[in-house]
**Student:** 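Pasting in a structure now, in structure tokens, and then I'll have a few things to ask.
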Amino acid sequence: MSTRKSLLVIGGCGYIGSHMVSCLIDAGHQVTVLDDLSTGFSDSLLGGELIVGNFGCRETLDAIFSKSKYDGVLHFASLIQVGESVAQPATYYQNNVANTLTLLSAMVDHKVGPLVFSSTAAVFGEPSYVPIDEVHPRQPMNPYGMSKYMVEAMLQDFDSAYGLRSVSLRYFNAAGADPQGRIGERHNPETHLIPLALRALLDESSNFKVFGDDYDTPDGTCIRDYVHVADLAEAHLCALNYLWQGGATSAFNLGSGSGFSVREILDTIRTVVGKPVRVETVSRRAGDPARLVADSALAMTQLGWTPKYSSLETIVRHAWQWEQVRHRK
Ligand code: UDP
């Protein structure tokens, strides 16, 4: 990368945001992070300047956009728990939709752009076929997925009316950690398979719970598409370059293209770590489709994205390296 750009990363202290900051710094860019630290951690930042504040506050955004000029914005600041979104839709629509509307309006008024937006496979709902490509119908099944769907729709309209160009990246299952072991997944509460299964190895008192083994899949457990967080970050860099070269507002699915069942993940953990996770099978978790696998061909051809860490062993090895660091913290 020859030209140094200045970027605002909203939600840069979270899991994917912090890996993004690291990726941008490695690419030679100048980074400012806006994060209210409600779910992120300031010590997850491996560089850049941190502004502690809420991205839904227009005064904060006016101050930031008046003080410095940005060549682009990356927006990671979302609430992400499906169950919580069902119980508290107002909170989800406020944070994920209304606050994002405030951000988009401020970007238009200050003539800042383009934008890369964190979207999700949850915009598709229950898949009618897999792998899921970009033309698959979007029928979100919960307020979380709906909130991302609504922002994707707003982004199309903001381009048509105001010329704000953007790329929405729909993540399938973000997983893994910094290959150097400095940062990784730190959700509170943690709900994701790989960190929970690894923690069951570190904490002798807990079993890992498999949510259902009666799905219509070869081993009865759900199949997901796990994509390394460092590859996700790299896809954002590709999206920025695409937009800087004049690319049109679009959405892309990001996955590895391979599906693995919960049992296959547990088997891989056993191989990588060298001991088995103690498991118990419990009933299904509400709202879990049997299979979610991405077709990422469009991101590869249009954005020039090439995932580097597509082996599941590598994803689990990096996650395990990080879990041991996190456990000692
Ligand atoms: N899962 C599980 N036990 C857990 C957490 C997750 O069996 O403690 C399963 C879950 O039902 C799903 C898969 O693991 O089939 C991935 O779930 P995760 O929450 O990591 O990501 P999601 O696919 O919900 O985004």
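For ligands, and for the atoms within them, numbers begin at 1 and follow the listed sequence.
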**Student:** So, taking the atom named OH in Tyr226 and the one named CD in Glu264, what distance separates them when rounded to the nearest 0.5 Å?
**Tutor:** 10.0 Å
**Student:** What atoms of ligand 1 come closer than 4.0 angstrom to any heavy atom of Val210?
**Tutor:** 7 (O)
**Student:** Identify, for atom 11 (O) of ligand 1, the protein heavy atom at the shortest distance, and state residue, atom and that distance.
**Tutor:** Asp288 OD2, 2.6 Å
**Student:** Return the residue, atom name and 0.1 Å-rounded distance of the protein heavy atom closest to atom 25 (O) of ligand 1.
**Tutor:** Asn173 ND2, 3.6 Å
**Student:** Between His110 and Asp62, is there a side-chain donor-acceptor contact under 3.5 Å, judged purely by atom types and distance?
**Tutor:** yes
**Student:** Is the number of heavy atoms from other residues, nucleotides or ligands within 6.0 Å of CG (Asp216) greater than 12?
**Tutor:** no
**Student:** Between Tyr226 and ligand 1, which residue portion shows a heavy-atom distance shorter than 4.0 Å: side chain, backbone, both, or neither?
**Tutor:** side chain
**Student:** Report the part of Leu193 in contact with ligand 1, treating N, CA, C, O as backbone and CB onward as side chain, heavy atoms under 4.0 Å; options are side chain, backbone, both, neither.
**Tutor:** both
**Student:** For Phe208 and ligand 1, answer yes if some heavy atom of the residue is under 4.0 Å from a ligand atom, otherwise no.
**Tutor:** yes
**Student:** Using a 4.0 Å heavy-atom cut-off, which part of Ile265 comes near ligand 1: side chain, backbone, both, or neither?
**Tutor:** neither
**Student:** Could you tell me whether some N/O pair between Phe211 and ligand 1 is separated by less than 3.5 angstrom?
**Tutor:** yes
**Student:** Pick, from Arg291, Arg285, Arg263, Gln81, the option with the minimum heavy-atom distance to atom 18 (P) of ligand 1.
**Tutor:** Arg285
**Student:** Backbone, side chain, both or neither: what part of Arg284 comes under 4.0 angstrom of ligand 1, heavy atoms only?
**Tutor:** neither
**Student:** Looking at every heavy atom in both Arg263 and Val279, which two are closest together, and how far apart are they?
**Tutor:** NH1-CG2, 4.4 Å
**Student:** Is His192 touching ligand 1 with its side chain, its backbone, both, or neither, if touching means heavy atoms under 4.0 Å apart?
**Tutor:** both
**Student:** Consider only side-chain N and O atoms of Glu84 and Tyr92, and report whether a donor and an acceptor are under 3.5 Å apart.
**Tutor:** yes
**Student:** Between Val112 and Leu101, is there shared hydrophobic-cluster membership here, with clusters defined by ILVMFWY side-chain heavy atoms closer than 4.5 Å?
**Tutor:** yes
